[in-house]
Undergrad: 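After the structure tokens below, expect a handful of questions from me.
A quick note: this is a predicted structure, and the numbers were derived from the prediction, not measured. We name chains A, B, ... by the order of the sequence lines, and we start the count at 1 in each one.
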2 protein chains.
Amino acid sequence: MTQGQSRSENTRGLLFLTDEQLRKGIEAMFFAYRGFTADPDRILAEKSYGRAHHRALHFIHRSPGTTVNNLLATLGVTKQSLNRVLRTLIEDGLVLNEVGIRDKRERHLTLTDAGADLESALSNAQSDRMRSAYRQAGADAVYGFCTVLEAMMDPELKEHYEHLTGGEQQ
Amino acid sequence: MTQGQSRSENTRGLLFLTDEQLRKGIEAMFFAYRGFTADPDRILAEKSYGRAHHRALHFIHRSPGTTVNNLLATLGVTKQSLNRVLRTLIEDGLVLNEVGIRDKRERHLTLTDAGADLESALSNAQSDRMRSAYRQAGADAVYGFCTVLEAMMDPELKEHYEHLTGGEQQ
DNA sequence: TTGGAATGTCAACAACACTGACGTATTATT
DNA sequence: AATAATACGTCAGTGTTGTTGACATTCCAA
């Protein structure tokens, strides 16, 4: 029941993968993602923000001066959904919303000092766990980790990921 | 700003990790998780179910006859939240709810044939992407992937993960 | 028999996503 | 100059998923 489905593929040089291995990976993703968000969630709960606020802060920090449309595409949500979050962040003085110079329809988003402080607190909480996991697992494991994650992304989302990694690095 | 924080730790034999590497891992998790859930989400949307239904079906499939309390701990939600999901699954004839024999307070949960069909459809959709990612990345990468994910889990959640992987495997 | 554990249910609420519609600038196109 | 398209914001409604709190029931065990 767990075995015997892709032996022929093996002869074509493909990795042999049991249902068991795949299921294990699926459950690992589920449980690990819970750990991944747990620490920032605790900080956010104190300030009555949610994960959506964290994501917005993160990507505005990563791409200062980004536009609303840009952020929309990266986060993969509707403008109504993002707007709710952005509005509170702007009202609370964590994010700046400036009219574009070349194109006045656009709004450029930047973190204020207070916004950068919160972003940094959230980022540190998440990075601490990540660093600890990386060190437990070792350098080779980290490389494999990222390789598999990248292969799991939707092609369209992967472009956003690579654009962040490659381009506009300050 | 991205550099120079843990050079001293390096001499103690610890992995040297830049903020950039950590941030990349964080973003990889974010984008990959979206891909991870995208395929089952499409199937669920057709049947007007959500991810919570998927998770319940998955873990009932994994541990047939599990109790509500057990499932609660694995999923990490409140009984009220799980109850709403279970109720619809039971009403729709996807899950069986049987009073325990030894302890009649407990309810043992099992998938019906229809429930197993849906679980299998969801599982296959998710596994297909996983398999493709695993093959793109290679066997070593897969090993590293799981190692890092396991290191990221909360210890309490990791027990659930290991219990599933190790025990009650028929 | 009393206390506690397991389960279920009701109600209220909040976060976060969605759709659809509408308005207002601003820019681009014809 | 008129028209279309773009970027953004907002209002209203809906759905899923999570949370608390309160309360009833059933059953086990001391």
Undergrad: May I ask you to evaluate whether B/S81 reaches the phosphate of D/dT17, defined as a side-chain N or O under 4.0 Å from OP1 or OP2?
TA: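 Looking at the OP1 and OP2 atoms of D/dT17, neither is under 4.0 Å from any side-chain N or O of B/S81.
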
Undergrad: How long is the line joining CG of B/N83 and P of D/dT17, in whole Å?
TA: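 Answer to the nearest Å: 14 Å.
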
Undergrad: Can the ring centres of A/Y33 and B/F30 be said to be less than 6.0 Å apart?
TA: no

Undergrad: Which residues pass the salt bridge (Lys or Arg N to Asp or Glu O under 4.0 Å) test with A/R55, sequence neighbours left out?
TA: none

Undergrad: Tell me whether B/E27 is salt-bridged to B/K24, with the criterion being a basic N under 4.0 Å from an acidic carboxylate O.
TA: no

Undergrad: Check whether any side-chain heavy atom of A/T67 sits under 4.5 Å from a side-chain heavy atom of A/H108, and report yes or no.
TA: yes

Undergrad: When the distance from CZ of B/R84 to P of C/dA12 is rounded to whole Å, what number comes out?
TA: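 Distance check: B/R84 CZ to C/dA12 P gives 15 Å.
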
Undergrad: What integer distance in Å separates A/L71:CG from D/dC8:C1'?
TA: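 That distance rounds to 13 Å.
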
Undergrad: Counting only side-chain heavy atoms from C-beta out, which of D/dC11, C/dC16, D/dC8 sits nearest to A/T67?
TA: D/dC8

Undergrad: Closer to the 5' end of DNA chain D via nearest nucleotide, is it B/K79 or B/L82?
TA: B/L82

Undergrad: B/R51 near the nucleic acid: base, sugar-phosphate alone, or nothing, with a heavy-atom cut-off under 4.0 Å?
TA: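 Answer is sugar-phosphate: B/R51 comes under 4.0 Å of backbone atoms only.
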
Undergrad: Keeping to residues at least two apart or across chains, list the salt bridge (Lys or Arg N to Asp or Glu O under 4.0 Å) pairs with something in residues 69-94 of chain B.
TA: none

Undergrad: Using only side-chain N and O atoms of A/N69, determine if any of them is under 4.0 Å from OP1 or OP2 of D/dC8.
TA: yes

Undergrad: Tell me which of A/S48 and B/V68 sits closer to the 5' end of DNA chain C, going by the nucleotide each one is nearest to.
TA: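 Final value for this comparison: B/V68.
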
Undergrad: DNA chain D: B/H53 or A/L86, which has the more 5' nearest nucleotide?
TA: A/L86

Undergrad: Tell me what A/R87 touches on the nucleic acid: a base, only sugar-phosphate, or nothing, going by heavy atoms under 4.0 Å.
TA: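 Since only primed, P, OP1 and OP2 atoms lie under 4.0 Å of A/R87, the category is sugar-phosphate.
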
Undergrad: Using whole Å, report how far CG of A/L72 lies from P of C/dA17.
TA: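 Nearest whole value for this atom pair: 11 Å.
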
Undergrad: What is the separation between atom CG on A/L75 and atom P on C/dC18, rounded to the nearest whole Å?
TA: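 Taking atom P of C/dC18 as the reference, CG of A/L75 is at 10 Å.
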
Undergrad: Under the 3.5 Å rule, do the base of D/dG21 and the side chain of B/Q80 count as making a donor-acceptor pair?
TA: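 Yes.
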
Undergrad: Can you tell me the distance, in whole Å, between the CZ atom of B/R42 and the P atom of D/dT16?
TA: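 In whole Å, D/dT16 P lies 19 Å from B/R42 CZ.
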
Undergrad: Would you mind reading off the distance between A/I90 atom CD1 and D/dC8 atom C1', rounded to a whole angstrom?
TA: 11 Å

Undergrad: Which heavy atom in A/M130 sits nearest to a heavy atom in A/F36, and how many Å separate them?
TA: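 Smallest interatomic distance, heavy atoms only, reads CE-CE1, 4.1 Å.
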
Undergrad: Considering only heavy atoms, which members of residues 95-109 of chain A lie under 4.0 Å from some atom of DNA chain C?
TA: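 Here the set is A/R102, A/D103, A/K104, A/R105.
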
Undergrad: Under 4.5 Å between any side-chain heavy atoms of A/T112 and A/V95, yes or no?
TA: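 Result no, sub-4.5 Å side-chain heavy-atom pair not found.
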
Undergrad: Quick one: A/N70 CG to D/dT6 P, roughly how many Å, whole number?
TA: 16 Å

